[in-house]
Amino acid sequence: MFFWLLDINHEVVKDNVEIRLWGKDSSGCTVLVVTEGTPYFYILPKEEMDLENALRKIEAECGKHKEIVKTELVGKRYFGKSVKAVRVLCKTPEAVEKYSRLLSKTLPIGEHLEDDIRPATRYILENSVSPSGWYDVEASRVVRPGLHVDQIYRAVKPPTLVERLEAPNLRTLAFSILCMSEKGSPDPSRDPVLAITIAPHQGRIEQLVSDGRDDREILETFTSRIGELDPDVILGYGQNTFDWPYLIERAKRQKARLPVDRMGSEPHRSVYGHISVTGRANIDLADVSHDIPEVKLKTLGSVAEFLQVAKRVDIDRFQDAHAGELWRSLERRRPLLENQQRRAEASLKIGRILLDSMIQMSNVTGLPLDQVAAAAVGHRVDSYLMMQAYRLNELIPRRTEQPYTPYQGATVLEPKPGVHENVAVLDFTSMYPNLMIINNLSPDSYVGDESIPDGEVIVAPEVGYRFRREPPGFYRRVLEYLIAIRRDVKQRLEKADPNSVEYRVLREREKAIKVVTNACYGYAGWVGARWYVREVAESAAAFGRATLRRVLQMAESLGLAVIYADTDSVFVKYDRSKIERLLREVESETGMEIKIDKIYIRVLFTEAKKKYAGLLPNQTLDIVGLEAVRGDWPNAVRLVQEGILKLVLSNKNIEEAVEFLRTYVQKMRLGEVPLSDFIVWKTLIKPVEAYRVKTPHVEAAKTLLRDGWNLKVGDKVGFIIVKGSGRLHERARPYLMASIDQVDVEYYISSQVLPAAMRVLGMFGLKEDAVLGSADASSLSRYIGQD
DNA sequence: CGCAGGCGGGG
DNA sequence: GTGTACGCCTGCG
């Protein structure tokens, strides 16, 4: 039987672990394959220990406990060394937890390992069954009441991989709930669910509306409709943190149940804080939005607009406390309900667009579809490395609590301020992964204070850490493997028809592999990583600095003018033959690929690092780091600075830029700029009470909290600076509580718009008073093109 | 005036 | 819960 693996969980049935593989078969039927799981952990005796003796002791101790099935000595590797470990097989995961601890306490003979691997993960690793892929399994039909799938099988043998790229047709729906409160956030202990919208991919959109007091009926209808529609994928926006917990709490209050999964039980919280619906993939698109860095403000409307499925303003409405009042009158309720429908439809469309990439990320990293959406990059890499460790017969280290020590990172050069014409940006392809491969930077090749002949090690510059040249370390093997499979996917892409499904899948697969490859360096320096060794990350950074330094030397000796450099990129004055020579020489010396990334017709640098704007040959403007692209500056500032940059870079027209600024400032003073362009958004990175300083956004948040709002870590606070006296934070108002005539326009002009404008205009020798003074813009001096 | 806390975006 | 480097705001002594 062929099936595509959608979800995996385990149940303990009569002291045995049953692994449940939920999937779809090749005809689109839902299937469940049950099989046994074997829970176990390892004891790794200390090196000086006599193995026979250790094993005898362990066996003697294990013999006393009936939940331990057996022990066996197995050959494994641990941090690159061949070791013998004792595998302790248990009946249940609970026994694994209990005896791994007990044994290491009563028998202090070594480390206990892999007791932190959950049964479903263990099964994935052991049988190489990565989720979101096709498998062939020899299985017999069985009957199991109470499980909601078309067919149930018992596996006779472990599944084997089937090379088939295309995912099956997944039944998908999106849902959204509507709850309201007279003030602030709705509270499930008080406010009923007012409406639930279900938007199935196939079929009509449904809206279940309650009478506003008793939501029991719509909760029950929702549950039964999910059962009837039987989705493989459940989409939503924020349902892990809002909709599901709210529904669960409401159901509890109503003494109702929410058996929406495929085994008749309720949604529950799982590993990455997400809500798991067994047998289906519950995907919160708010989690997935973090994979789209281009979308700054993570609202459903912003994501919808970015993906061109809806206009932001049509989606992000009624998301504030005022909406509660709308529910009261019947005719004003209509737009509220219509908006909710649009939100569910937008979620559905967004999900359909993003599903391919999530499926590939799931299959590459080995995390089930619902988990991969919720897991952060570090956990995705963690999962990937665990699969690779299994492939290489390496024991999986546990996460350990350890202190965090910062280390020195990359080099950033002081830019040459001014406008430069024809500037090429050269950069290395995957610099950190390549440095890790070339220098064998890996936890297992890292040589601490052991004495080793100089010829056998590579020494990292500046930091002096040593790494064995041979054998290839874990990171090196994994990174080489990643690069090899990516190359293979790229080759297949070249042959594929760009309009085919195959092409689309391969493109997403290639992206997923790239993300994992590029995250390995950061992962190596993350204290939470299973394979965290700070010296590895620190050495990669040091090799990076040395490499960049060398490129700068070589550019200089070739007579190429360097304008700026950051980490793995160098900005040089365009000179085709010299650049080509530089690239060749750098490649042969470093063994890494470096190429021209882009050529700016004109690029403007201020004195600041990491801030510049460049004009590309197709007339588009690249703005990096400047206020115009930052989310914590009001629209007014972004708009003015971007406008000025466009004028000075594409037309070289400073007079027009000054005129543009003057006109905008005038509009501000005349009240012709809308309130929304004055809003400053800042994120709360900790609970409001935890702040020791009084800042505008924290004070605005306090005002909102006093008004009954529910603000949490990660929430964005939009505020306005209003007229009046006192410190800035005393004049910060939540934007919903301010009107246009209260705005301190002069503050915005002098402290926000002008500084941002002058950062650009100042580069042309203009002074603030000259710009806003009475002088005619056309009499301003021109400084363009000096370099 | 200088330093610290806070935040966001870059490579 | 990938890393470090950086700029620039406001608060505060």
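Naming: A, B, ... by sequence-line order, numbering from 1 per chain.
Comparing C/dC6, C/dC8, B/dG8 by their closest approach to the side chain of A/Glu627 singles out C/dC8. Out of B/dC7, C/dC9, C/dT4, the shortest distance to the side chain of A/Thr683 is found at B/dC7. Looking at the side chain of A/Tyr404, the nearest of the listed nucleotides B/dC7, C/dC12, C/dT4 is C/dT4. Of all nucleotides listed (C/dC12, C/dT4, B/dG6), B/dG6 comes nearest to the side chain of A/His697. With C/dT10, B/dG6, C/dC6 as the candidates, the nucleotide lying closest to the side chain of A/Tyr691 is B/dG6. Checking B/dG10, B/dG8, C/dG7 against every side-chain atom of A/Val624, the shortest atom distance belongs to B/dG10. Residue A/Lys611 places its side chain closer to C/dG7 than to any other of C/dG7, B/dG6, C/dC12. The A/Lys682 side chain lies nearest to B/dC7 when the options are B/dC7, C/dG7, C/dG1. Checking C/dT4, B/dG6, C/dC9 against the side-chain heavy atoms of A/Lys686 singles out B/dG6 as nearest.
Using a 4.0 Å heavy-atom criterion, one finds that A/Pro755 contacts no nucleic acid atom at all. Residue A/Tyr564 is out of contact with every strand shown, counting any heavy-atom pair closer than 4.0 Å. Using a 4.0 Å heavy-atom distance criterion, A/Tyr272 is classed as making no nucleic acid contact. Across all strands, A/Val377 comes closer than 4.0 Å to base atoms (heavy-atom distances). Using a 4.0 Å heavy-atom criterion, one finds that A/Ala376 contacts the sugar-phosphate atoms exclusively. Residue contacts shown for A/Val698 are absent, as no nucleic acid heavy atom lies under 4.0 Å away. Backbone-only contact: A/Gly409 has heavy atoms under 4.0 Å from sugar-phosphate atoms and none from a base.
One finds no side-chain N or O of A/Tyr747 lying less than 4.0 angstrom from the OP1 or OP2 phosphate oxygen of C/dC9. Phosphate proximity of C/dC8 to A/Arg759: present, with a side-chain N or O under 4.0 Å from OP1 or OP2. Dashed line: the shortest gap from a side-chain N or O of A/His379 to OP1 or OP2 of C/dG1 is not under 4.0 Å. Close to C/dG7, at under 4.0 Å from its OP1 or OP2, lies no side-chain N or O of A/Lys609.
Between A/Met431 atom CE and C/dT2 atom P there is a gap of 23 Å when expressed in whole angstrom units. We find that OH of A/Tyr523 is positioned 15 Å from P of C/dG1, with the value rounded to whole Å. Taking atom NZ on A/Lys694 and atom P on C/dT10, their separation rounds to 17 Å, with Å as the unit. Atoms CG (A/Asp597) and C1' (B/dG10) sit 14 Å apart, rounded to a whole Å. Distance CD1 (A/Ile685) to P (C/dG1): 14 Å, rounded to an integer number of Å. Across the protein-nucleic acid pair, A/Trp633 atom CH2 and B/dG8 atom P stand 14 Å apart, rounded to whole Å. Protein atom CG of A/Asp744 is 12 Å distant from nucleotide atom P of C/dT10, rounded to whole Å. Following rounding to the nearest Å, A/Glu730 (CD) and C/dG11 (P) show an atom-to-atom distance of 9 Å.
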- Should A/Tyr272 and A/Gln371 be marked as a side chain to side chain donor-acceptor pair (under 3.5 Å) after you check the CA-CA gap, both sets of side-chain angles, and the distance that decides it? CA-CA 7 Å; A/Tyr272 302 110; A/Gln371 289 183 29; 4.6 Å; no

- Tell me, with the steps shown, if A/Asp382 and A/Tyr523 meet side chain to side chain donor-acceptor pair (under 3.5 Å). CA-CA 8 Å; A/Asp382 226 27; A/Tyr523 170 90; 2.3 Å; yes

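Cation-pi contact between A/Lys686 and A/Tyr691: present, with separation from the ring centre below 6.0 Å and deviation from the ring axis of at most 45°.
Here A/Tyr748 and A/Phe678 bring their ring centres to under 6.0 angstrom of each other. Not less than 6.0 angstrom separates the ring centroid of A/Trp526 from the ring centroid of A/Tyr404. Within the 6.0 Å centre-distance limit, the rings of A/Tyr612 and A/Phe571 are counted as a close aromatic pair.
Where A/Lys610 and A/Gly528 each meet DNA chain C at their nearest nucleotide, the meeting point lying more 5' is that of A/Gly528. Position along DNA chain C of the nearest nucleotide to A/Leu413 versus A/Tyr432 favours A/Tyr432 as the more 5'-ward residue.
Electrostatic pairing of A/Glu480 and A/Arg476 counts as a salt bridge here, judged by a charged N lying under 4.0 Å from a carboxylate O.
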